[in-house]
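Below is one structure, written out as structure tokens, with a few remarks after it.
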Protein chains: 2
Amino acid sequence: MKITEARQQFISQWGAFGTHWGINRTMAQIHALLMVSPDALTQDEMMDELNISRGNVNMNIRELINWGLVERQVIPGERKEFFVAEKDIWKVIRLIVKERKKRELEPMLELLNKLEEVEGDKKDKNVKAFLDTVTGIKKLGRQADKTLDMMVKAEENWFVSNMLKLFK
Amino acid sequence: MKITEARQQFISQWGAFGTHWGINRTMAQIHALLMVSPDALTQDEMMDELNISRGNVNMNIRELINWGLVERQVIPGERKEFFVAEKDIWKVIRLIVKERKKRELEPMLELLNKLEEVEGDKKDKNVKAFLDTVTGIKKLGRQADKTLDMMVKAEENWFVSNMLKLFK
DNA sequence: TTGAAATTTCAAAACTTATTGAAAGTTTGT
DNA sequence: ACAAACTTTCAATAAGTTTTGAAATTTCAA
């Protein structure tokens, strides 16, 4: 397989992958393109390579910057802005985990705390089933929260090596 | 807060949560409803509680059964079918991980293997950047694959207790 | 300052995904 | 064998999401 075809396949598959994980296709494709590009790219280059509009590139680049996955780079003497992606895949994962934890896990845990204070007789089987479920999810959620915090703070090798020790 | 309101909030939030994880809102809501219901429910009861059509309930129930998250229950003397959800949250997570691993991680790893065999001079910086990225993701992906396999096979307490030991 | 180059915005259009509901199919009791 | 009860299917439609592209805004070298 030629490099150009391989790059295209990679970008396309990373895009599809993203859609399964709540990241929009274009955002994931831009990220993929930047990951396999040795040099920083401009918005125009991305428009060209991915066949998407200027507005689309701009909005998704901004979102990638919010997530910490892409950085703006100013090259002296150049009017245009250049962009580079974080290429260390472990850092990428940590950034994504951090962001999604904040957006999804934390609000869920807050709600579960409120819901645990539901009024009503614990002998009522509806109340009991409800509390059992909520409590179970809360326990798991808190565990996940702690675990992910550790992961986010950990250095790559520490995490990998612990995982290897535990699971080999 | 009254139990009915608490249930509603839980169902609605679990639905929203699902959409961030590639599971459709209704499927997640049906699952939530079944998790907090002490008894098995019929399709008609779900239509009522969630205000959705018969077809919608039916399709999503079928999908939940495919994932192993819900079971059909036949009650002697009853013409209708009843449904119950898996309520052990760790089993739920394991079933979801198993399914998504198969649907997403495994195809990705297959592609990466193919892409690693790209032709071209490794001195070419494009080829080099490409291979570095692909190899990095493959390593991470293989690690995740192993880890998730272990998790899927593990008994609840084994996994929880190991996690606790490692991360407390 | 000025104005050409570049970036950003956002309403409308295109596309994708989910839902409905009525018709077709299946099951079960008599 | 029939028909009532129940389940399944799927084409049409609705809802939701992403993308476009042109206009507005910003930037910066001269």
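In what follows, every heavy atom counts, from backbone to side chain, and hydrogens, waters and symmetry copies are set aside. Just so it is clear, the model here is predicted, and its values are computed rather than measured. In what follows, every chain begins at residue 1, and chains take the letters A, B, ... in the order their sequences are listed.
Ranked by how close their nearest DNA chain D nucleotide is to the 5' end, A:Gly77 and A:Gly55 are led by A:Gly55. If you find the closest nucleotide of DNA chain C to B:Met59 and to A:Lys80, the one lying nearer the 5' end belongs to A:Lys80. Nearer the 5' end of DNA chain D, as judged by each residue's closest nucleotide, is the contact made by B:Phe83, out of A:Ile23 and B:Phe83.
Look at CE on B:Met47: it is 9 Å from P on C:dT20, rounded to the nearest Å. The nearest whole Å value for the distance from the CG atom in B:Asn51 to the P atom in C:dT20 is 9 Å. Taking atom CZ on A:Arg25 and atom P on D:dT17, their separation rounds to 15 Å, with Å as the unit. Between B:Asp44 atom CG and C:dG21 atom P the separation is 15 Å, expressed in whole Å. Note: CZ (B:Phe82) to C1' (D:dA5) measures 13 Å, nearest angstrom. Rounded to whole angstrom, the span from the CD1 atom of B:Ile52 across to the C1' atom of C:dG21 amounts to 14 Å. Taking atom CZ of A:Arg62 as the reference point, atom P of C:dT7 lies 13 Å away to the nearest angstrom. In this entry the distance linking CG of B:Asn58 with P of C:dA18 reads 17 Å, nearest Å.
Among the nucleotides D:dT7, D:dT19, C:dT8, the one closest to the side chain of B:Glu81 is D:dT7. With distances taken from any side-chain atom of A:Arg72 to the nucleotides C:dG21, D:dT8, C:dT8, the minimum falls on C:dT8. Taking the side chain of B:Asn56 as heavy atoms from C-beta on, and the options C:dT20, D:dT9, C:dT8, the nearest nucleotide is C:dT20.
In terms of phosphate contacts, A:Arg54 brings no side-chain nitrogen or oxygen within less than 4.0 Å of OP1 or OP2 of C:dC10. A sub-4.0 Å separation between OP1 or OP2 of C:dA6 and a side-chain N or O of A:Thr42 is absent.
Judged by distance alone, the side chain of B:Glu86 and the main-chain N or O of B:Asp88 form a donor-acceptor pair under 3.5 Å.
Hydrophobic clustering (ILVMFWY, side-chain heavy atoms < 4.5 Å, transitive): B:Val92 and B:Val84 are in distinct clusters.
Note: B:Phe130 and A:Phe10 have perpendicular aromatic rings, judged against thresholds of 30 and 60 degrees for the angle between ring planes. B:Trp21 and B:Phe17 have tilted rings, their planes meeting at an angle from 30° to 60° on a 0 to 90° scale.
At a cut-off of 3.5 angstrom, the base of C:dT27 holds at least one donor-acceptor pair with the side chain of B:Arg79.
Of the charged side-chain nitrogens involved, none lies within less than 4.0 Å of a carboxylate oxygen, so that A:Lys98 and A:Asp149 do not count as a salt-bridged pair.
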